[in-house]
Asks: 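Right, I'll just put the structure down here and ask away after.
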Amino acid sequence: MVKRRAFPLLIASALAVMVYVIFTLPRSQPGNHQHLYPHHISDQSITPVNDTKHFMVGAYKEHRVEGSSVRIISIFRRDSVQPLYCVFYCGTHWANGTKAEVQMHSDHFGFRFVTTDVLCPNLPDCNPSHVTLATQADAELAQNQTFLRIQNLVKREEEEFQFNFTVCWSNLFGNYNNVLQVTQTLEMYKLLGVQHVVVYNTSCGPDLERLLQSYTQEGFVEVVPWPIDQHMNPSRGWLPSEHGGDIHYYGQLTTLNDCVYRHMYQSRYVLLNDIDEIIAPYQHQTLPQMMDVLQRQNPKAEVFLIENHIFPKSQFEPSGRFERPRWQDVPGINIMEHIYREEPDYRIYHPSKMIVRPRAVEQTSVHSVLRNFGQTVKVPPNVCHIIHVRVPLRGELTKEELHEDKRIWDYERQLVPNVDKALEKAGLLRL
């Protein structure tokens, strides 16, 4: 009798469980009949858009532009633009695609490919976690495409940022192996108050690869793989008529924009400059001290232009005090030997690099921002300028016509032993 009574109870319990499952699990939305999660999520820095000649780089929640939900930093072929749709995965369901707004950047220098922002509109009842670009609006057709994880979902306040100062270096390519200068630059930036350096790496020399790995393990450097040469023929220069190729300097403009958005809610300031440049304060010991003053003087400024000053690597200081035997076998330039600075020729265009508050930047180029929400200030060179040791720009100038500039020597006591330690740690210093 007991067993007979238990059987109806068992049936009733099973029915109750089935009803609970039916009414509590997420319901399918139109176009989500196959998968409840994207099957293919990109782990690459460059992701092709299916059935196009375009590429996605990074997807970021857009908290500043009304009506826009997500911005996708992309690379578009200028002669092949077609209607595209943003297809969202909304966390529990799919949403059919909405028309994407394509904004090609104005700086492309005549190359076939251009840095492009794709703006995806807000959707009601969708809190997106992943997005892709598709040539059709049907989400069911797009489900098997590769999706990007949307970053910057949380709009953090400055007090919550992980970093105060982040440096975004233009991308590495070729066999660049300038180990000594890169080490000196990184250690200088530490002394100047930088907490984080990011470099997009297509390729570099073996010794520099080893050095960057050491700094990555330490947590100071972040290396983003940048295999653009697997997708197109990147140019080694800025002018297609002279240098050929499909895109400016291995996609330099794209990496700078992506770096700004990656750190929009991670870093108070972002420095945009090249790997052989140091943005150096001349009236303050550190960058935080300098920026506190500049920000008080210019409360509405969000972009700070820093003049580039060239220190010719062909001119050496005569005493030889920094001809250190331990550095002789380390490949690269010893910037401490080059203290003679060219006077810029202000009669012609003189480029700058930048310190920006990334939340105010919408689009950037190399020497200026293209779109931003705040004011731009040009910082006087006696307050801050770039120490750029390289081939001379004004090769006709003699040493007597150059300015002696020993700013780098002010950090000698800490800089020299720190460089030694970094090279030792990476296994690049002779014992």
Asks: Compare every heavy atom of Q44 with every heavy atom of T47, then report the nearest pair and how far apart it is.
Replies: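 Result for this residue pair: OG1-O, 4.0 Å.
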Asks: Which word best sums up how the rings of F76 and H54 line up, parallel for under 30°, tilted for 30 to 60°, or perpendicular for over 60°?
Replies: parallel
Asks: Hey, can you tell me if F163 and H263 have their rings parallel, tilted or perpendicular (30° and 60° cut-offs)?
Replies: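 Taking H263 first and then F163, their aromatic rings sit tilted (interplane angle of 30° to 60°).
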Asks: Should R407 and D405 count as an ion pair when the cut-off is N to O under 4.0 Å?
Replies: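 No, R407 and D405 are not salt-bridged.
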Asks: Please report whether the ring centroid of F173 lies less than 6.0 Å from that of W226.
Replies: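 When the ring centroids of W226 and F173 are compared, they turn out to be at least 6.0 Å apart.
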Asks: Whether the side chain of R359 engages the backbone of R268 through a donor-acceptor N/O pair (distance < 3.5 Å, no angle test) should be reported.
Replies: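 Side chain of R359 to backbone of R268, a donor-acceptor pair under 3.5 Å: yes, one is there.
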Asks: For R394, does its backbone N or O pair with a side-chain atom of E342 as donor and acceptor, under 3.5 Å?
Replies: yes
Asks: Under a 3.5 Å distance rule, please check whether S235 uses its side chain to pair with a backbone N or O of D246 as donor and acceptor.
Replies: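 No, S235 side chain to D246 backbone: no donor-acceptor pair under 3.5 Å.
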Asks: Less than 4.0 Å between a side-chain N and a carboxylate O, is that true for K99 and E101?
Replies: no
Asks: Hey, could you give me the SG/CG distance between C259 and L271, rounded to the nearest 0.5 Å?
Replies: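 So the gap between those two atoms works out to 10.5 Å.
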Asks: Side chains of N177 and D207: any donor to acceptor distance under 3.5 Å?
Replies: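 Yes - a donor-acceptor pair under 3.5 Å links their side chains.
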Asks: Can a donor-acceptor pair be found between the side chains of R236 and Y249 at a distance below 3.5 Å?
Replies: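 No - no donor-acceptor pair under 3.5 Å links their side chains.
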Asks: Quick one about S170 and Q252 (side-chain donor to acceptor, distance below 3.5 Å, no hydrogens or angles considered), yes or no?
Replies: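 Present: a donor and an acceptor within the cut-off.
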Asks: Check the surroundings of atom CD in E396: do more than 12 heavy atoms from other residues, nucleotides or ligands lie under 6.0 Å from it?
Replies: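 Yes.
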Asks: Is the backbone of L212 close enough, under 3.5 Å, to the side chain of S214 for a donor and an acceptor to pair up by distance?
Replies: no
Asks: Which distance, rounded to the nearest 0.5 Å, do you find between the OG1 of T255 and the CD1 of I75?
Replies: 9.0 Å
Asks: In terms of side-chain heavy atoms, does N178 have a donor or acceptor partner in Q181 at a distance below 3.5 Å?
Replies: yes
Asks: So, H388 versus F311, ring centres under 6.0 angstrom or not?
Replies: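 No: the rings miss the under 6.0 Å criterion.
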Asks: Using a strict threshold of under 4.0 Å (side-chain N to carboxylate O), is an ion pair present between D274 and K353?
Replies: yes
Asks: Under 6.0 Å between ring centres, would you say that holds for H63 and Y265?
Replies: yes
Asks: Looking at F147 versus Y89, is the centre-to-centre ring distance below 6.0 Å?
Replies: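 They do not qualify: ring centres at least 6.0 Å apart.
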Asks: Looking only at the side chains, is there a donor atom on one of D117 and H105 sitting less than 3.5 Å from an acceptor on the other?
Replies: yes
Asks: With rounding to the nearest 0.5 Å, note down the distance linking NE2 in H248 to OG1 in T254.
Replies: 10.0 Å
Asks: Under 3.5 Å, is there a donor-acceptor pair between the Y282 and D410 side chains?
Replies: no
Asks: May I ask you to check whether Q143 and Y37 show a side-chain donor-acceptor distance below 3.5 Å?
Replies: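 No - no donor-acceptor pair under 3.5 Å links their side chains.
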Asks: Considering residues, nucleotides and ligands other than N175, do more than 12 of their heavy atoms fall under 6.0 Å from its CG?
Replies: no
Asks: Between the side chains of Q315 and H338, does any donor sit under 3.5 Å from an acceptor?
Replies: no
Asks: Taking atom types as modelled, is there a side-chain donor on E302 or Y269 under 3.5 Å from an acceptor on the other?
Replies: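 No, Y269 and E302 have no side-chain donor paired with an acceptor closer than 3.5 Å.
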Asks: Are any of the side-chain nitrogens in R390 or D276 under 4.0 Å away from the carboxylate oxygens of its partner?
Replies: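 Answer for the salt bridge query: no.
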Asks: Look up atom CG in N233 and atom CZ in F111, then write down how far apart they are to the nearest 0.5 Å.
Replies: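 If I round to the nearest 0.5 Å, the distance is 10.0 Å.
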Asks: What I want to check is whether the side chains of D229 and Y250 have a donor and an acceptor closer together than 3.5 Å.
Replies: no
Asks: Return yes if a side-chain donor-acceptor contact under 3.5 Å exists between H309 and R341, otherwise no.
Replies: yes
Asks: Report the C-alpha distance between E337 and K313 in whole Å, list the side-chain angles of each, state the deciding distance to 0.1 Å, and finish with yes or no for salt bridge (charged side-chain N to carboxylate O under 4.0 Å, His left out).
Replies: CA-CA 8 Å; E337 294 184 299; K313 68 177 184 177; over 6 Å; no
Asks: With no hydrogens and no angle check, do the side chains of Y200 and D258 hold a donor and an acceptor under 3.5 Å apart?
Replies: yes
Asks: Tell me, please, whether F220 has K190 positioned over its six-membered ring: NZ or CZ under 6.0 Å from the ring centre and within 45 degrees of its axis?
Replies: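 Yes; both conditions hold, so K190 lies above the ring face of F220.
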Asks: When you compare the side chains of Q266 and R156, does any donor N or O come within less than 3.5 Å of an acceptor on the partner?
Replies: no
Asks: Take E362 and N372 through the side-chain hydrogen bond (donor to acceptor under 3.5 Å, both in side chains) test and state the conclusion after the steps.
Replies: CA-CA 5 Å; E362 193 172 356; N372 64 297; over 6 Å; no
Asks: Please determine, by modelled atom types, if E343 and H403 share a side-chain donor-acceptor pair under 3.5 angstrom.
Replies: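 Side chains of E343 and H403: pair found under 3.5 Å.
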Asks: Look at the side chain of Q195 and the backbone N and O of N164, then say whether any donor-acceptor pair between them is shorter than 3.5 Å.
Replies: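 Yes, because the side chain of Q195 sits within donor-acceptor range (under 3.5 Å) of the backbone of N164.
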Asks: How close do H231 and P227 get, heavy atom to heavy atom, and via which atoms?
Replies: CD2-O, 3.4 Å
Asks: Between the side chains of R262 and E222, is the shortest nitrogen-to-carboxylate-oxygen separation below 4.0 Å, so that they form an ion pair?
Replies: yes
Asks: Look at the side chain of T116 and the backbone N and O of Q103, then say whether any donor-acceptor pair between them is shorter than 3.5 Å.
Replies: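 It does not hold such a pair.
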